[in-house]
Amino acid sequence: MTVFKAFSDEEVLADLKAQVTDGEVFTDTATLNKYSFSKNLSDDDSGLALAYVQAQSTKDIQGTLKIARKYHIPVVPQAQTTSTVIGSDGITGALILSTAKMNHILEISKEDSLAVVEPGVINGDLDKAAREQGMFYAPDPGSKPISGIGGNVATNAGGMSTVKYGATKDNVLGVKVVLADGREVQFGGRTLKQAFGYDLTQLMVGSEGTLGIVTQVIVKLLPIPLGTPVMGVAFFENMTALAKAVTAIRISGVYPTMLEALDGHTVEALDRYEKTHYAQASAAMLIFKLDNGGDASMAVVKKLLAEHAATNVTITTKPSEQADLEKLRRDMLPAVFAGQNHIMEDMAVPLSQLAPLMDYIQALGERLGVSIYTAGHAGDGNVHPTLVWPKEVTEVPDNVIQALQEMFHKTLELGGTISGEHAVGMLKNQWNNAELGEDVDQIQHQIKALFDPMNLLNPKRKIN
């Protein structure tokens, strides 16, 4: 029997355009190709979206969701398209709902230590605007110059300063969200403490656009610390030795702002990329920072580095040299990715298990013959191993897949998580039962069904 549509695409699009009155609706092939196609998706999902909606207001979002409900069309929330886990790639026949143009900083209140922003505001732009008033926005993912606050909220983005200031969830006071049924609701607010009702603000943080569309975010701002920031580098025989030194510094009471680890392979890649010569120093590199520690704190750090056999320790208070070190760390990914296929992972373990995980990753690569570049936010136990293979090999090699599977199982065995800060998307949604357990996995689906009973919001992402 022939199956036919109840409504033509033209009828649906005409209805959609009537609802989106502040923004724009794009249906041309060039735009749809740009925002909807991903080589990472399966053949069933990788065709063109039906439309790309560039929302300019809450009304546009509500109108788009009205059409989605009416015609049972999936909606993929999207902003700056920096997801690394297939979290915002378009789906065949879906409506891509972009909030990139909703990018206004609505308020910076020094007195209340907060900012109110739209989801399309770039993380780095918010931080810059806050610093002009003597405040700063703490979360600093590697994508800080290009990722939006809405996407940071959706994925609970972390970053280099998480060791001291926490991830996005620790810096969000409230959100406005348009739910799947079209209601715009406020969760949380402007107070630093709030104990009334269930914490639905934190439910939205990290929900990856599967429970609602964020239209406004209230974030904490902090005063710029007094004193002169200090940064430095130190080298260790291997990543395991580095991890032990990081643990000692982490629990010493000096409260570092940054404890970043790069293995020898990664340092060599950076040398090639940046034309530097760090790889001549030793195998593993630690980049550390104290934003207001003073002489006493630096004395403790120097003592601990010496006790853990650190070599070639260099310390600087010069802003230009510190900026170079931060750039070095941010350039880690393009340096490793250059000229080869890659998969970058994102696990986190309890601090006491960081050294054992480092040992395991190195041994795993040697056993399976996989090239692995390991770096990460060592101060909070977050590791980013990048598995690479030659550019001319188009399919992911079997030994790379096996290494990923074994790495994930080992991380869970050590009491960790296989997604520290990059979210789940479609890459890891099959691992929910393995990480969360059967009962919690079921509760996750029940929450999704409560907020989005028609399963229209970012389907197949976060949970499968």
Side-chain angles (χ1 to χ4, degrees), residues 38 41-42 44-45 49 53 61-62 64-79 83-99 119 150-157 167-169 172 174-188 197-215 217 346 412 417-464:
S38 171
L41 289 170
S42 67
D44 291 341
D45 296 319
V53 180
I61 293 171
Q62 291 172 318
T64 301
L65 293 182
K66 179 179 180 180
I67 297 303
R69 293 191 305 273
K70 180 177 179 179
Y71 297 106
H72 295 201
I73 302 173
V75 175
V76 177
Q78 196 180 89
S83 172
T84 63
V85 293
I86 318 182
S88 60
D89 297 71
I91 297 173
T92 304
L95 303 178
I96 298 176
L97 178 55
S98 172
T99 56
N152 292 172
V153 170
T155 58
N156 187 25
T168 299
K169 71 181 179 65
V172 172
V175 290
K176 276 188 178 179
V177 181
V178 174
L179 302 178
D181 63 11
R183 288 178 292 168
E184 184 181 42
V185 294
Q186 170 85 47
F187 298 140
Y198 299 113
D199 194 347
L200 299 179
T201 304
Q202 291 301 316
L203 181 61
M204 291 296 141
V205 178
S207 63
E208 302 183 42
T210 61
L211 303 180
I213 311 296
V214 172
T215 60
V217 188
D346 169 42
L412 296 177
T417 174
I418 63 171
S419 180
E421 60 182 8
H422 291 173
V424 176
M426 291 178 72
L427 284 186
K428 299 180 183 179
N429 59 16
Q430 296 180 42
W431 288 79
N432 279 297
N433 198 290
E435 172 155 336
L436 302 175
E438 185 176 346
D439 291 340
V440 176
D441 188 16
Q442 184 175 1
I443 291 172
Q444 299 270 320
H445 284 80
Q446 290 170 335
I447 292 171
K448 169 68 169 172
L450 176 65
F451 278 84
D452 182 20
M454 297 176 70
N455 192 30
L456 299 177
L457 298 179
N458 222 12
K460 299 186 181 181
R461 279 64 189 273
K462 188 72 175 178
I463 58 175
N464 189 5

Backbone N or O of [Y] within a donor-acceptor pair of the [X] side chain at under 3.5 Å?
X    : Y    : value
H72  : A68  : no
T201 : G188 : yes
K169 : G206 : no
R461 : G209 : no
Q62  : G182 : yes
N458 : V76  : no
E435 : I418 : yes

Inset, instruction - Please name the residue in the list I96, L65, I67 that meets the side-chain contact (heavy atoms from CB on, under 4.5 Å) test with V75. - result: L65
Side chains of [X] and [Y] in contact at under 4.5 Å (non-hydrogen atoms):
X    : Y    : value
N429 : K462 : no
I61  : L97  : yes
K176 : V214 : no
L203 : F451 : yes
I463 : K448 : yes
I447 : L211 : yes
I91  : P459 : yes
V177 : L179 : yes

Heavy-atom pair of closest approach, residues [X] and [Y]:
X    : Y    : answer
S419 : A423 : OG-O, 2.7 Å
I213 : P77  : CD1-CG, 3.5 Å
E438 : N433 : CA-ND2, 3.6 Å
H445 : D441 : ND1-O, 2.9 Å
D452 : A180 : OD1-CB, 3.7 Å

Could you grab the distance from atom [atom1] of [X] to atom [atom2] of [Y], nearest 0.5 Å is fine?
X    : Y    : atom1 : atom2 : result
E421 : N156 : CD    : CG    : 9.0 Å
T64  : K66  : OG1   : NZ    : 11.5 Å
T210 : Q444 : OG1   : CD    : 9.0 Å
T99  : Q78  : OG1   : CD    : 9.0 Å

Inset, instruction - Please identify each residue that fulfils ring pair (Phe, Tyr, Trp, His ring centres under 6.0 Å) with Y71, with sequence neighbours left out. - result: F7
Inset, instruction - In sequence, state the C-alpha distance, the side-chain angles, and the governing distance for R183 and V178, and then conclude on side chain to side chain contact (heavy atoms under 4.5 Å, CB included). - result: CA-CA 5 Å; R183 288 178 292 168; V178 174; over 6 Å; no
Inset, instruction - Could I get the full list of side chain to side chain contact (heavy atoms under 4.5 Å, CB included) partners for A157, not counting sequence neighbours? - result: P141, N152, T155, T168
Inset, instruction - Given side chain to side chain contact (heavy atoms under 4.5 Å, CB included), test R69 with L456 step by step and report yes or no. - result: CA-CA 8 Å; R69 293 191 305 273; L456 299 177; 3.9 Å; yes
Legend entry - Q442 atom CD, neighbour heavy-atom count above 12 within 6.0 Å: no
